[in-house]
Amino acid sequence: MEKFECNRRIFMGGAAMLGGIAAVRPDRAIAHDQCGPGPIPDPALGSTKVRRNIFSLDPSGPEIQSLRQGVAAMKARPVDDPTSWLFQANIHGTVDNPPQGMPAELSSTWSTCEHSSYFFLSWHRIYLFFFERILRDASGDADFALPYWNYEIPGQRVLPLPLREPADTSNPLFVSQRRTFGPNINGGEPVPVQVTSSSEAMRTTFFGSPTVFGLTWQLEMQPHNVMHGVIGGSGWMSDPRFAARDPVFWLHHANIDRLWSVWNAQGGGREDPVNDAIWMDTTFAFFDETGAKVEMSGSDVLNTADQLDYRYDDEPEPEIGLVLVGGGDGAETSAAGSTELAAPATESGITLGASPIDIGLAAQVDGTEAFTTNAASPAAQPVLLELGMIDYAEPSGHWYEIYINLPEGAEPETLSAYYAGNASFFAQSRTLRENMNMKGEHQPVRLDITGLLNRQIQEGLWDGGEIVVQFRPNGLETATESMPVDQQISIGSIRIVRQ
Ligand code: C2O
């Protein structure tokens, strides 16, 4: 593709799109403004900020001090200041009306978070990047970088101490609007290990397109959505319109952003959608630390060290002159027509509430052959459980464990051959989205069940015919059999497809 013959255009494109704002510093843009082999010395390299695991930082050390100071300073600013805490949170989502007299230039950026769209990762990377610049400026610490919370590490599944102590308003990182039961988040109880895992996401080798399953879809579901629900309960983090008011939002998203980088670094054909012009060039508006409006697109955020001046502490130091963007072989982006493998016998939707529910899906093909791994392209053609037309009126932080073909009377074990994963619907509600302004095409929730079905076939646990999908609620905040109708999840369509 002509556009990406040379990495120069990517970096210059990034600078140009910012309209003179030096997100890509001119000296760096020049350093990269060359084609051809050989390392290019980069005078600005030393300035790369490092986002660190918050558990590696001293809770009373200078980094956490800067974090507290920056958050407090942002919170003290009025909502019509784009560098204020509330304005920044409202960019994600809000139920508030803009104050009288706020120019549309500002208010039009509210409620623009991208969810269940393949801009999920790039939009949030840009959001964090400008938020971090504002926070750095507000903290007065020129080296400040956002820490991240890696809840996958054993022993680090509890909310980081600085966010819960002191547990009062003297602590700008504390909010009371967090889950209090199952687990008690501010009480320092660990989140369940099954909701923290990113291994499914890391295993995928395709980034994902609007129609094709891949990293972005899997990562959004878990750990992203599920962790929102686990942290938030009936409080802020479960609701896209309030989530970013909780300081933990930013640490959670720094981790999701890190996982995107980790995925890239794994290689094995993993590549961002550099050949997809819509993903690369669709711009999103934010504000920088001076309050000036800025725009960026996917092409500006492919390599954080080179384009955005930050990296994670578990990533290697950037190599000088590293050229990241290759591509051009057009690997993928098939306009997927998926094949339906199983669907309910009657076309009615389902409602998920406080009790487990079984849904029988009739196989549309004979035998098990069609459900097995496609040897030609196992990763490109996964078998997916697809949940479409999701709706609910009131977000709540519970999630559903999904089991497939669990025999009657068998214990639902997450280590068993029947456990398919978790579903949590953070921003998937059609009703909630009506008042939000996402650009991306919304897609159904999808869960890769290729491996599970293959194992069941091999072990003789399923031999074709009906497939029973069981949804088991988890993370309910009250031990009750009933759930307010508002919080029940209606699912318009459920089926199993081969992509
Ligand atoms: Cu846009 Cu984790 O949310």
Side-chain angles (χ1 to χ4, degrees), residues 51 85-95 109-132 146-152 159 163 175 177-179 185 191 195-196 198 201 208 215-233 235-261 263 282 284-286 296 298 301 390 392 395-399 422-430 432-443 445 475:
R51 292 185 181 171
W85 184 259
L86 205 50
F87 189 104
Q88 285 292 308
N90 289 351
I91 290 179
H92 193 269
T94 186
V95 295
T109 63
W110 286 13
S111 295
T112 56
C113 67
E114 289 290 330
H115 283 273
S116 38
S117 115
Y118 79 150
F119 298 120
F120 169 67
L121 288 171
S122 52
W123 187 90
H124 286 83
R125 177 166 280 178
I126 304 168
Y127 185 35
L128 254 69
F129 172 68
F130 285 110
F131 171 84
E132 182 183 52
L146 263 181
Y148 63 88
W149 175 20
N150 183 356
Y151 23 72
E152 267 185 274
L159 186 72
L163 283 89
V175 304
Q177 292 87 347
R178 293 173 183 148
R179 174 185 290 273
I185 293 294
V191 300
V195 305
T196 61
S198 65
L215 168 77
T216 178
W217 305 109
Q218 179 61 47
L219 204 53
E220 181 174 356
M221 175 58 70
Q222 177 160 323
H224 174 265
N225 281 3
V226 189
M227 281 301 296
H228 267 283
V230 175
I231 298 166
W236 284 348
M237 272 291 275
S238 304
D239 188 332
R241 302 165 303 177
F242 293 89
R245 296 183 184 201
D246 186 337
V248 74
F249 174 95
W250 305 96
L251 277 68
H252 175 36
H253 269 277
N255 192 51
I256 297 297
D257 187 67
R258 182 186 66 87
L259 288 170
W260 180 14
S261 296
W263 180 83
T282 300
F284 298 100
F286 295 91
M296 273 196 185
V301 299
I390 292 167
Y392 48 87
S396 87
H398 71 285
W399 65 96
N422 302 312
S424 178
F425 305 103
F426 178 59
Q428 256 78 12
S429 157
R430 293 159 66 83
L432 290 195
R433 282 199 309 237
E434 263 169 32
N435 299 313
M436 302 183 82
N437 307 305
M438 305 177 195
K439 284 187 181 177
E441 200 185 310
H442 300 137
Q443 293 296 326
V445 161

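Ligands are counted one by one from 1 in listed order, and the atoms in each one are counted from 1 as well. Treat the numbers as computed from the prediction; the structure is a model and nothing was measured.
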Quick one: do Phe120 and His224 satisfy ring-ring contact (aromatic ring centres under 6.0 Å, His included)? Show the steps, please. CA-CA 11 Å; Phe120 169 67; His224 174 265; 4.7 Å; yes
For distances below 2.8 Å, what is the count of protein N, O or S atoms around atom 2 (Cu) of ligand 1?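 With waters ignored, the protein N/O/S count below 2.8 Å is 3.
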Compare all side-chain heavy atoms of His442 with those of Arg433 and state whether any distance is below 4.5 angstrom.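 They are in side-chain contact.
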Side-chain touch Asn255/Leu259, heavy atoms, less than 4.5 angstrom: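 Side-chain contact under 4.5 Å: yes.
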Test of ring centre spacing under 6.0 Å for Phe249 and His92: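 Between His92 and Phe249, which both carry aromatic rings, the centre distance is below 6.0 Å.
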Ring centers of Phe87, Trp110 separated by less than 6.0 Å: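 For Phe87 and Trp110, the ring centres are under 6.0 Å apart.
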In chain order, what residues pass the side chain to side chain donor-acceptor pair (under 3.5 Å) check against Arg245, with sequence neighbours excluded?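 Arg245 satisfies side chain to side chain donor-acceptor pair (under 3.5 Å) with Asp96 once adjacent residues are dropped.
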